[in-house]
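The structure under discussion appears below in the form of structure tokens.
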Amino acid sequence: LKQSPNHNVHIALLHYPVLGKTGEIIASAITNLDLHDIARASKTYGVQSFQVIIPLDDQRQIAQEICNHWTTGYGSRANPDRKASFDLIQVTSDFETAKTNIFKQTSQYPCTIATTAKSLQAAISFYKCRQMIESPVPHLLIFGTSWGIAPDFIDQCDYILSPIQNGQAYNHLSVRSAVAIILDRLMGAFE
Ligand code: SAM
């Protein structure tokens, strides 16, 4: 299969609502590595935008400053390839604004697909998801931080994607690794 040009895929990295260590709902802190690695994977696989959703004002400011460095500051001139990936990032305070950002780009609200390491009955296979996103309709793949996306939020998404290594005793990847593997399974070209 060759990489299809007929994709309109977007990524969201959710810092709220996610689970904390003891299962409570929290807002997590920004991780610089996540911004770099997910932006680069997104650019490599033809993702249209990377929505970083973070409600804490100080954390959102840090995220925006990192992005500014690579998109308009010294970093953009020192490393144009890094700029090309960071240009995909939009830092927002909440999920509704992220969906509106995609509406502004595509004139459609995205179909939402949650990711999780947990085995959930309603999850769709990678095979089905790969077929589904081969479409001009915008699809938003949502990734969590901390101990994963809050269950109520997952329930409100249009689809849930099966976990990588579903059913294994240990399958808790860093979100950066999970994004790269999922993009390759859903949008990767292989011959
Ligand atoms: N225990 C958490 C869970 O059940 O999702 C893992 C949280 S992990 C540190 C952060 C994010 O990476 C998850 O919210 C999910 O988006 C992604 N992730 C991690 N492992 C995954 C897996 N095996 N399959 C799919 N996504 C995964």
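Bear in mind the structure is a predicted one, so any value in this text is a computation, not a measurement. Both ligands and their constituent atoms are indexed starting at 1 by order of listing. Numbers here simply count residues along the sequence, with the first being 1.
- L173 O, 3.3 Å is the protein heavy atom nearest to atom 19 (C) of ligand 1.
- Here the heavy atom of the protein found nearest to atom 24 (N) of ligand 1 is I164 N, 2.9 Å.
- Between I142 and ligand 1, not a single N/O pair is under 3.5 Å apart.
- Nearest protein neighbour of atom 25 (C) of ligand 1, counting heavy atoms only, is T116 O, 3.2 Å.
- When each of T97, N101, T92 is paired with Q51, the side-chain hydrogen bond (donor to acceptor under 3.5 Å, both in side chains) condition holds for N101 and for no other.
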Practice task
Evaluate the criterion side chain to side chain contact (heavy atoms under 4.5 Å, CB included) for residue pair Q90 and V52; output intermediate values, then yes/no.
Solution key: CA-CA 6 Å; Q90 291 181 285; V52 176; over 6 Å; no
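- Ligand 1 has no N or O atom lying under 3.5 Å from any N or O atom of P163, backbone or side chain.
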Practice task
Show your working on side chain to side chain contact (heavy atoms under 4.5 Å, CB included) between Y16 and I26 and close with a plain yes or no.
Solution key: CA-CA 6 Å; Y16 176 88; I26 61 151; over 6 Å; no
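- Among S146, S177, G144, the residue whose heavy atom lies nearest to atom 7 (C) of ligand 1 is S146.
- The shortest N or O to N or O distance between T145 and ligand 1 is not under 3.5 Å.
- The closest approach between any non-hydrogen atom of K118 and ligand 1 is below 4.0 Å.
- Nearest-residue assignment for atom 15 (C) of ligand 1 (options V175, T115, L120; heavy-atom criterion): T115.
- With hydrogens and angles ignored, the 3.5 Å screen pairs no side-chain donor or acceptor of R40 with any backbone N or O of R82.
- Residues H36 and F86 place their aromatic rings such that the two centres sit under 6.0 Å apart.
- When only interatomic distances are considered, the shortest N/O to N/O separation between S174 and ligand 1 does not fall below 3.5 Å.
- Other residues, nucleotides and ligands contribute more than 12 heavy atoms inside 6.0 Å of the OH atom of Y109.
- Aromatic pair F95/F153: centroids less than 6.0 angstrom apart.
- When the shell of 6.0 Å around NZ of K83 is examined, it contains more than 12 heavy atoms from other residues, nucleotides or ligands.
- In terms of modelled atom types and a separation under 3.5 Å, the side chain of T106 and the main chain of Q108 share a donor-acceptor contact.
- Residue, atom and distance of the protein heavy atom nearest to atom 6 (C) of ligand 1 are H172 ND1, 3.9 Å.
- Here A178 has side-chain heavy atoms under 4.0 Å from ligand 1, and that is the only part of it that gets that close.
- Considering backbone and side-chain N/O atoms, S162 never comes within less than 3.5 Å of an N/O atom of ligand 1.
- For atom 23 (N) of ligand 1, the closest non-hydrogen atom on the protein side is N171 O, 2.7 Å.
- Residues T71 and D87 bring no donor and acceptor atom of their side chains to less than 3.5 Å of each other.
- For atom 5 (O) of ligand 1, the closest non-hydrogen atom of the protein is A117 N, 3.1 Å.
- Between F143 and ligand 1, no N or O atom pair is found at a separation short of 3.5 Å.
- Of all atoms in ligand 1, listed by their number and element, those nearer than 4.0 Å to a heavy atom of W147 are 1 (N), 2 (C), 3 (C), 7 (C).
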Practice task
Before giving the answer on side chain to side chain contact (heavy atoms under 4.5 Å, CB included), spell out for N171 and I164 the whole-Å C-alpha distance, their side-chain angles and the decisive distance to 0.1 Å.
Solution key: CA-CA 7 Å; N171 72 340; I164 300 159; over 6 Å; no
